[in-house]
Amino acid sequence: MFNKILIANRGEIALRVIRAAREMGIATVAVHSTADADAMHVRMADESVCIGPPASPQSYLSFPAIISACEITGAEAIHPGYGFLSENAQFVQIVEDHGLTFIGPTAEHIRVMGDKITAKDTMKALGVPCVPGSDGGVATLDEAKALGEDMGYPVIIKATAGGGGRGMKVAQTAADMESAFMTARAEGKAAFGNDEVYIEKYLTTPRHIEIQVFGDGKGRAVHLGERDCSLQRRHQKVFEEAPGPAISAEERAAIGKVCADAVAKINYIGAGTIEFLYENGEFYFIEMNTRLQVEHPVTEAIFGVDLVREQIRVASGLDMTFQQDDLEINGHSIEVRLNAEKLPNFSPSPGRITQYHAPGGLGVRIDSALYDGYRIPPYYDSLIGKLIVHGRDRAEALARLNRALGELIIDGVDTTVPLFHALLAEKDIHTGDYNIHWLEHWLEQQTDW
Ligand code: ADP
């Protein structure tokens with residue numbers, strides 16, 4: 001086992017990793033930009049290193065700064081959290097070249113899954129069901145138009161290098177194809193340096209269902225059920241739950257086995273998420289994320305496992321602490337994302353926290369790096385915390401969420417808390433009757449906050 005690990009991240013996820021490491025008796029090194037000198041992850045880690053100015057390319061994304069921080073402190077392994085360098089195959093290669101361990105999958109797995117066309121081909125070959133669509137990349141507008149006619153509209157044009165909801169455009173009819181095709185290509189080029197796109201049938205009323213998988217890198221893998229992340233705004237998740245209200249035990253076991261077998265076959269190591277759209281009882285693969293997800297705590301709640309601990313264990317060469325038969329679902333869990341954003345436009349709302357009070361009590365978990373007086377810097381993601389509740393069933397989890405939101409105080413900046421209060425007043429949220437478009441439609445109808 002490692003003696004010391006470095007966390008190449010900030011905010012709540014840096015804290016999350018520090019917590020797991022501390023329980024395992026592993027020393028931690030935080031890295032931070034000059035804008036984060038007073039951040040909670042810096043206070044909580046055993047040691048910290050300033051790695052550069054506020055702009056991420058010169059700090060949290062800087063390979064030399066992070067590798068040097070390991071060398072100075074004697075950290076043996078790097079946990080990337082999510083975002084930043086977590087799915088950067090080149091970084092993983094450099095970490096290994098320096099004799100350090102990356103706590104996550106191999107560079108090769110990240111590369112394969114990071115390119116959506118290769119990912120889809122790989123998954124198809126491993127027996128995972130995929131959304132019908134083009135056979136690989138679509139190079140010309142004429143080809144795209146012909147495919148649209150063949151498949152039938154609507155279709156979605158996606159950048160193969162895309163992520164975070166960028167590089168995706170829907171063509172409702174043939175008349176939209178030209179602008180959708182050109183825009184998806186341009187976004188792919190601008191954001192990811194790659195203008196290759198592919199086309200899929202656009203599913204009109206699916207749910208977003210993702211399967212948590214975990215591999216030991218030696219050909220063994222398990223699944224930890226699904227998360228339903230259908231409540232999205234601009235393809236960004238805001239409310240996640242496990243188990244999924246629309247998924248039966250039989251469906252879970254079947255798709256879970258397909259996913260676990262697929263990652264076992266490729267000797268996948270660590271945590272991964274296989275994302276699907278689910279419509280009319282069918283699962284359609286859309287992409288695999290080769291990292292810990294923001295919403296991992298809902299899975300931890302219902303299975304009673306610490307996924308970060310398992311990540312660190314397998315990275316150090318130990319076995320996972322569970323096998324498939326040990327994993328049983330207990331109750332229901334919901335996470336809401338607390339963003340420093342102003343409604344109704346969700347515009348960033350950085351600034352100083354004048355008062356912060358975290359809710360507590362049975363079945364309530366808050367993962368946040370906030371504290372009284374903390375100044376949220378304007379340079380990074382607007383996620384400032386996650387509120388996770390766990391109940392014996394979905395109704396209890398919803399009641400607990402309502403209670404915990406009522407106890408939460410975040411003063412000084414605008415947050416997405418009012419969104420969740422309003423959602424909890426909706427019947428569809430209580431019946432679980434929503435798909436990936438529900439939230440956008442609902443938001444259009446809201447007039448006052
Ligand atoms: P990203 O990597 O940017 O997150 P994904 O491929 O995971 O992109 O898709 C993100 C979201 O976009 C999905 O959760 C879903 O809401 C929507 N989406 C993607 N593909 C389709 C599709 N074929 N039909 C309908 N919606 C889709």
Side-chain angles (χ1 to χ4, degrees), residues 82-83 86-88 110-124 128-135 137-138 144 147-148 151-172 176-177 180-181 183-185 187-192 194 196-212 226-241 244 246 259 272-280 282-291 293-295 337 381 383 434-443:
Y82 51 69
S86 61
E87 290 175 293
N88 188 316
I110 293 177
R111 205 171 287 123
V112 166
M113 297 305 165
D115 180 284
K116 291 185 174 186
I117 294 176
T118 320
K120 212 170 156 180
D121 287 346
T122 306
M123 284 298 175
K124 212 187 268 175
V128 177
C130 295
V131 190
S134 59
D135 221 357
V138 178
L147 268 163
M151 279 167 23
Y153 286 91
V155 298
I156 184 164
I157 298 100
K158 294 172 134 182
T160 185
R166 282 177 303 172
M168 275 189 300
K169 287 287 163 244
V170 178
Q172 293 292 351
D176 300 337
M177 186 50 113
F181 183 76
T183 315
R185 278 181 72 139
E187 277 189 23
K189 181 86 190 161
F192 311 101
N194 178 350
E196 189 175 31
V197 297
Y198 64 107
I199 298 186
E200 277 179 355
K201 181 82 192 150
Y202 183 69
L203 304 176
T204 50
T205 56
R207 301 181 79 109
H208 174 111
I209 303 288
E210 55 184 40
I211 305 291
Q212 176 73 56
E226 78 284 2
R227 294 181 286 260
D228 188 324
C229 312
S230 302
L231 289 173
Q232 301 181 355
R233 177 180 173 271
R234 303 211 171 147
H235 304 304
Q236 300 277 358
K237 301 160 189 169
V238 302
F239 173 113
E240 300 106 344
E241 62 182 305
C259 291
T273 296
I274 305 187
E275 296 192 336
F276 294 93
L277 294 175
Y278 172 84
E279 193 175 70
N280 300 326
E282 301 286 341
F283 289 90
Y284 303 97
F285 169 77
I286 45 173
E287 67 162 347
M288 176 165 182
N289 292 315
T290 50
R291 56 171 161 85
Q293 305 257 120
V294 174
E295 58 273 22
R337 296 196 191 193
D381 194 87
L383 182 83
Y434 54 81
N435 60 46
I436 60 167
H437 304 297
W438 189 96
L439 184 62
E440 296 268 9
H441 291 156
W442 179 83
L443 282 167

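What's counted below: heavy atoms across the whole structure, side chains too, no hydrogens, waters or symmetry copies. Start at 1 with the first residue, then count along the sequence. A quick note: this is a predicted structure, and the numbers were derived from the prediction, not measured. One-based numbering, in listed order, for ligands and for the atoms of each.
We find that Glu87 and Arg291 are joined by a salt bridge, their nearest charged nitrogen and carboxylate oxygen being less than 4.0 Å apart. A salt bridge between Lys237 and Glu210 is present, with a side-chain N of the basic residue lying under 4.0 Å from a carboxylate O of the acidic one.
Under the 4.5 Å side-chain criterion, counting only non-hydrogen atoms from C-beta, Arg337 is in contact with Glu240.
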Just the distances, no angles: every ligand 1 N or O to protein N or O pair closer than 3.5 Å, one line each.
from     : atom 1 : to     : atom 2 : distance (Å)
ligand 1 : 2 (O)  : Lys116 : NZ     : 3.0
ligand 1 : 2 (O)  : Glu287 : OE1    : 3.1
ligand 1 : 2 (O)  : Glu287 : OE2    : 2.8
ligand 1 : 3 (O)  : Gly164 : N      : 3.1
ligand 1 : 3 (O)  : Gly165 : N      : 2.5
ligand 1 : 4 (O)  : Glu287 : OE2    : 3.3
ligand 1 : 6 (O)  : Lys116 : NZ     : 3.2
ligand 1 : 6 (O)  : Lys158 : NZ     : 3.2
ligand 1 : 7 (O)  : Glu275 : OE1    : 3.1
ligand 1 : 7 (O)  : Glu287 : OE2    : 2.7
ligand 1 : 8 (O)  : Lys116 : NZ     : 3.1
ligand 1 : 12 (O) : His235 : ND1    : 3.0
ligand 1 : 14 (O) : His208 : ND1    : 2.9
ligand 1 : 14 (O) : Gln232 : OE1    : 3.4
ligand 1 : 14 (O) : Gln232 : NE2    : 3.1
ligand 1 : 16 (O) : Gln232 : OE1    : 3.0
ligand 1 : 20 (N) : Lys158 : NZ     : 2.9
ligand 1 : 23 (N) : Glu200 : OE1    : 3.0
ligand 1 : 23 (N) : Lys201 : O      : 3.0
ligand 1 : 24 (N) : Leu203 : N      : 3.0

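With sequence neighbours excluded, the residues satisfying ring-ring contact (aromatic ring centres under 6.0 Å, His included) with Tyr202 are His437.
For the pair Lys169 (side chain) and Arg185 (backbone), a donor-acceptor distance under 3.5 Å is absent.
Screening Ile209, Val128, Leu203 against Tyr284 for a side chain to side chain contact (heavy atoms under 4.5 Å, CB included) leaves a single residue, Leu203.
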